[in-house]
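Position 1 is the first residue of the sequence, and the numbers go up from there. Computed from a prediction, not measured in an experiment: that's the story for all the values here.
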Amino acid sequence: MVKFGRHLQFYLESDERVSDGDNAEPYIVPYPDIREEIGIGQSQFVNEWMISMNRASDDYTKRIRMMWKRIFDDIFTSSAASRRQSFDSGISTFEDEHRGLPSDKAVELYVATVDESRSRELFSYIKKLHSTAAMNCEALRKLVKKFDKGATARGDEMQSSSLLIELYSASFMNYQCLEGYIEILRDTLVVSDDEEEMDSENDDMYYIQQRNALSTDNLALKRRAEELVASKRPLENSLAAFESAWCGGIHLCECDVALTKDEKLVLAHDEDFSRLALDPRSTCSQTKVGDLTMKEIISLTFKSGTRPPLLLDVLRSAQAIGGESKLIIEVKPGNQEACTALVRLFRHHPDLIDRCAVIMSFDAFTMHRLKAELDEMAASLVSAGSMSPRGTTSAHTWDRRGTPPDSINAGCYIETRSETKSQNNFVPKVQLPKVLLLTVSKEPQQNYELWVSVSNLSPVHSWLKNGDSSSLDGVYLQFQPEMLEPNGMHSLLDMSKRGYTIGVWGEFGKDPDDYFTATQLIRDCGVSYVNTDLPRNFRGNGAKHLY
């Protein structure tokens, strides 16, 4: 239950599910409860599984019917006047013109008939209905897989040949047809990144001089970073804050992203903007980011006088500044839609892919899904010729781990393919972000946290593996004092030598945040990334131990 079970828990706690007119929540398969039936009795497991599948199917059918009733009711209500005019003038009625209307045409007609707010409501409804059905399907499939895994040893009969027939015949297995309707609404309602023209914050940008004495290849600047110069630092999560850090010699900057109601990725650490807004009492500042459109977010003013930036804005600034300016992006647990939107952004802007060094989350299930989507995207971009050829290769096996970093320049590495020389075959190389799993160093305080001690990193390997097919690129560990002791160093080096990428983050105000600690982690432990708030005394007295 480490991967899917936790992901399901994130989903249940996210308030992202769809409700009907009576505010009744949709049915979610009780995965943990049914999982507990495995080993107790075959008949009991099968009975609970069938009850759950039937409830999920009935609930989906009810909500699909509600969706179509809403669509056709709104179409014919909004068109009542035009239908009367057509009838009075002897022209064929609206009903005659749209007899046997195909489902996709009905959705297109709905968007053309009702106002934008109604279309957006339908967009949100279908997306959430889709995610709920997909979650139930995956839960029931995984339950069968887990039951069959030890069925023979328990003396039970394997159930895949019978229960999967029931599952794949259920109504909610047709949830993928909703994806076509989602695309129709997305194409109509969401301005593509290529067409997007929003006010830029470049007028507010200012540069500072690079501090040559500080090596920053491995430091990931966090949102609370202190000022890099004597003047007041820019407001956190503003475009100016990232540009100042990159121009000041920091190569890697960390950010959190959220998905707006109209599917724009915007930088946001909190669930709303009340803490950063000029007017924290305004409706927009107190509304969850996911319930705001980008237009509403643009109308919101930060204390600095700027607006919340799009992720696209920040990536473009990193590209314009050049060098090793890159982002480390954290995705909140359960936010699989944000990951899909991120991959979609990279598909539209493949030139910005290498401006993202790392994508990370506490949600292992979502990270494995993201990795699969990134690999699929990379393959399609190469096939379409969207990536520039680099080098001479002919093998098609991805090497996502790359060469183990050295102790100094290990911040980011190029994704390579296995080097097989060919005289005439030039295959593009694609630089993908590292996909890392976040963990904590103490007993979890939140349901989504995975706990591991540096003295025993063996659980990490199972979290990173996805069967025999693939693996995440590594792990982002919370700092532990034992990391700087011989056993901890050995443990980290061993993981690094296995080809995994390691990052270390610290809790603000509690864990050490200084040059000496960061350098030890990078130089002696094989760590690739070290997060820092860059406090004023970052160099401090600890630096003298390095020379």
Just jot down the side-chain hydrogen bond (donor to acceptor under 3.5 Å, both in side chains) partners of Y60, sequence neighbours excluded, or say none. none

Is there a side chain to side chain contact (heavy atoms under 4.5 Å, CB included) between E296 and K261? Walk through the geometry before answering. CA-CA 10 Å; E296 291 171 322; K261 189 175 183 179; 5.8 Å; no

Determine whether the side chains of S52 and Y31 contain a donor N or O and an acceptor N or O closer than 3.5 Å.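 No, because no side-chain N or O of S52 sits under 3.5 Å from a partner of the opposite role on Y31.
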
Before accepting this row, confirm whether a basic side-chain N of the pair E263/K127 lies closer than 4.0 Å to the acidic partner's carboxylate O. yes

Please say whether more than 12 non-hydrogen atoms of neighbouring residues, nucleotides or ligands are located less than 6.0 Å from CZ in R118.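 Enclosed: over 12 neighbouring heavy atoms sit under 6.0 Å from CZ of R118.
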
Is it the case that Y181 and S103 place a side-chain donor and acceptor less than 3.5 Å from each other? yes

Report, as yes or no, whether the 6.0 Å neighbourhood of atom CD on E183 holds more than 12 heavy atoms from other residues, nucleotides or ligands. yes

State plainly whether the residues K62 and D58 are in salt-bridge range, i.e. N to O under 4.0 Å.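 Looking at K62 and D58, the cut-off is not met.
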
Verify the distance criterion only: is there a donor paired with an acceptor across the side chains of T306 and S238 at less than 3.5 Å?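 Not at all, the side chains of T306 and S238 share no donor-acceptor pair under 3.5 Å.
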
Heavy-atom nearest pair, I126 first then I182, reads CG2-CG1, 3.7 Å

Do NZ/NE/NH1/NH2 and the carboxylate oxygens of E236 and R275 come within less than 4.0 Å?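 Here E236 pairs with R275 in a salt bridge, since their nearest N and O are under 4.0 Å apart.
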
Could you walk me through whether L327 and F242 pass side chain to side chain contact (heavy atoms under 4.5 Å, CB included), step by step? CA-CA 9 Å; L327 281 178; F242 289 90; 3.7 Å; yes

Worked check of side chain to side chain contact (heavy atoms under 4.5 Å, CB included) between I329 and L311: CA-CA 10 Å; I329 298 174; L311 176 62; 3.9 Å; yes

Taking all atoms of both residues into account, what is the closest heavy-atom pair of W246 and V314, and its distance? CH2-CG1, 3.6 Å

